[in-house]
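Read through the structure below, which is laid out as structure tokens, and then see the notes.
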Amino acid sequence: MFTDEYFMKIALQQAQEALEKDEVPIGCVIVSQNRIIAKSHNLTETLNDVTAHAEMQAITSAANFLGGKYLINCTLYVTLEPCVMCCGALNWSQISKVVIGARDEQRGFINKNLSLHPKTEIVTGILENDCSQIVKDFFKGKR
């Protein structure tokens, strides 16, 4: 059976791909009816584009797959809490559920008192330690 942990592990694989490209290791997948329809990781350095966050890449890919801009009945699994920009995009996409691995107390949307679409369910803390550790290790290596 597919669980939140199952899909978060795939998002972590995407974060690992980002790490191998020296990108901030954040990964995500978008799931519809237990099927992955998009997966991505940060590409801001590779594309020289500050908007190329994992979530933004996956939203575009999923919308293209579905043939429409709304991600109703879809779930986004992301290793780190989305930023304000990604929160806005997820809000507009009307995604049904967002599953977050680790919180981002400084840059995440939750502490900024922002919210997603009113019908969007939010779950936090799935594989939190693994999701948090990959980012901590990345930045420790940069310092």
Side-chain angles (χ1 to χ4, degrees), residues 2-32 34-66 68-143:
F2 297 111
T3 63
D4 287 345
E5 289 80 9
Y6 172 83
F7 289 116
M8 190 61 74
K9 285 179 184 175
I10 297 169
L12 273 164
Q13 291 170 0
Q14 286 295 305
Q16 184 62 39
E17 284 190 40
L19 183 65
E20 291 166 9
K21 295 176 183 174
D22 203 31
E23 296 274 0
V24 177
I26 299 169
C28 69
V29 297
I30 295 179
V31 174
S32 176
N34 284 325
R35 178 178 176 199
I36 295 173
I37 61 169
K39 56 185 176 178
S40 189
H41 51 272
N42 274 4
L43 291 170
T44 58
E45 301 300 327
T46 302
L47 299 177
N48 198 27
D49 178 358
V50 296
T51 69
H53 290 193
E55 301 94 323
M56 301 295 280
Q57 301 297 309
I59 290 166
T60 299
S61 182
N64 286 336
F65 178 86
L66 294 172
K69 61 186 176 181
Y70 297 117
L71 303 180
I72 297 167
N73 298 321
C74 293
T75 301
L76 173 99
Y77 293 86
V78 63
T79 57
L80 189 68
E81 178 184 340
C83 71
V84 171
M85 173 184 67
C86 294
C87 172
L90 289 164
N91 185 343
W92 285 110
S93 78
Q94 298 182 25
I95 196 155
S96 297
K97 184 176 177 182
V98 174
V99 179
I100 299 167
R103 293 283 312 278
D104 185 346
E105 301 294 334
Q106 292 181 334
R107 295 179 182 244
F109 76 93
I110 295 172
N111 282 355
K112 306 286 188 215
N113 293 320
L114 298 174
S115 60
L116 298 173
H117 189 272
K119 294 182 180 177
T120 302
E121 176 187 354
I122 301 171
V123 176
T124 61
I126 303 299
L127 300 181
E128 182 175 7
N129 291 337
D130 293 338
C131 292
S132 175
Q133 197 61 51
I134 192 170
V135 174
K136 287 178 183 174
D137 290 347
F138 173 79
F139 284 111
K140 185 188 263 184
K142 293 288 183 188
R143 293 185 179 107

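Nearest heavy-atom pair, Ala18 versus Pro25, reported as atom, atom and distance to 0.1 Å: CB-CA, 3.9 Å.
Annotation: the span from Ile30 atom CD1 to Thr60 atom OG1 amounts to 9.0 Å, rounded to 0.5 Å. The distance from the CD1 atom of Ile95 to the CG atom of Asn73 is 10.5 Å, given to the nearest 0.5 Å. Separation of atoms CZ (Phe2) and CD1 (Ile36) is listed at 8.0 Å; rounding is to 0.5 Å. Going from atom CE of Met8 over to atom CD of Gln13 covers 12.5 Å, rounded to the nearest 0.5 Å. With rounding to the nearest 0.5 angstrom, the CG atom of Asp49 is 9.0 Å from the CE atom of Met56. For the atom pair CD1 (Ile59) and CG (Leu76), the distance works out to 7.0 Å, reported to the nearest 0.5 Å.
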Between Leu19 and Ile134, does the side-chain contact (heavy atoms from CB on, under 4.5 Å) criterion hold? Intermediate values first, please.
CA-CA 8 Å; Leu19 183 65; Ile134 192 170; 4.3 Å; yes

Could you walk me through whether Leu12 and Cys131 satisfy the side-chain contact (heavy atoms from CB on, under 4.5 Å) test, starting with their C-alpha distance in whole Å, then the side-chain angles of each, then the deciding distance to 0.1 Å, before giving a yes or no? CA-CA 7 Å; Leu12 273 164; Cys131 292; 4.0 Å; yes

Tell me, with the steps shown, if Phe65 and Arg35 meet side-chain contact (heavy atoms from CB on, under 4.5 Å). CA-CA 12 Å; Phe65 178 86; Arg35 178 178 176 199; 3.7 Å; yes

ask   = Is there a side-chain hydrogen bond (donor to acceptor under 3.5 Å, both in side chains) between Asn129 and Gln133 once you walk through the steps?
value = CA-CA 6 Å; Asn129 291 337; Gln133 197 61 51; over 6 Å; no

Exercise. For the pair Ile122 and Phe109, evaluate side-chain contact (heavy atoms from CB on, under 4.5 Å) and give the outcome as yes or no after the intermediate values.
Key: CA-CA 12 Å; Ile122 301 171; Phe109 76 93; 4.0 Å; yes

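No side-chain heavy atom of Ile110 sits under 4.5 Å from any side-chain heavy atom of Cys87. Within the 4.5 Å cutoff, side-chain heavy atoms of Glu5 are placed close to those of Ile126. A 4.5 Å side-chain heavy-atom check between Asp130 and Lys9 finds every atom pair outside the cut-off.
In this structure a side-chain-to-backbone donor-acceptor pair under 3.5 Å is missing from His53 to Glu55. Between the side chain of Ser93 and the backbone N or O of Leu90, at least one donor-acceptor pair lies under 3.5 Å. No side-chain donor-acceptor contact under 3.5 Å links Asp104 to the backbone of Glu81.
Environment of CD in Glu105: crowded, with over 12 heavy atoms of neighbouring residues, nucleotides or ligands closer than 6.0 Å.
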Which pairs of donor and acceptor atoms, one on a side chain in residues 37-44, lie under 3.5 Å apart (sequence neighbours left out)?
from: His41; atom 1: ND1; to: Gln14; atom 2: OE1; distance (Å): 3.0
from: His41; atom 1: NE2; to: Lys21; atom 2: NZ; distance (Å): 3.0
from: Asn42; atom 1: OD1; to: Ala54; atom 2: N; distance (Å): 2.8
from: Asn42; atom 1: ND2; to: Val24; atom 2: O; distance (Å): 3.3
from: Thr44; atom 1: OG1; to: Glu23; atom 2: OE1; distance (Å): 3.4

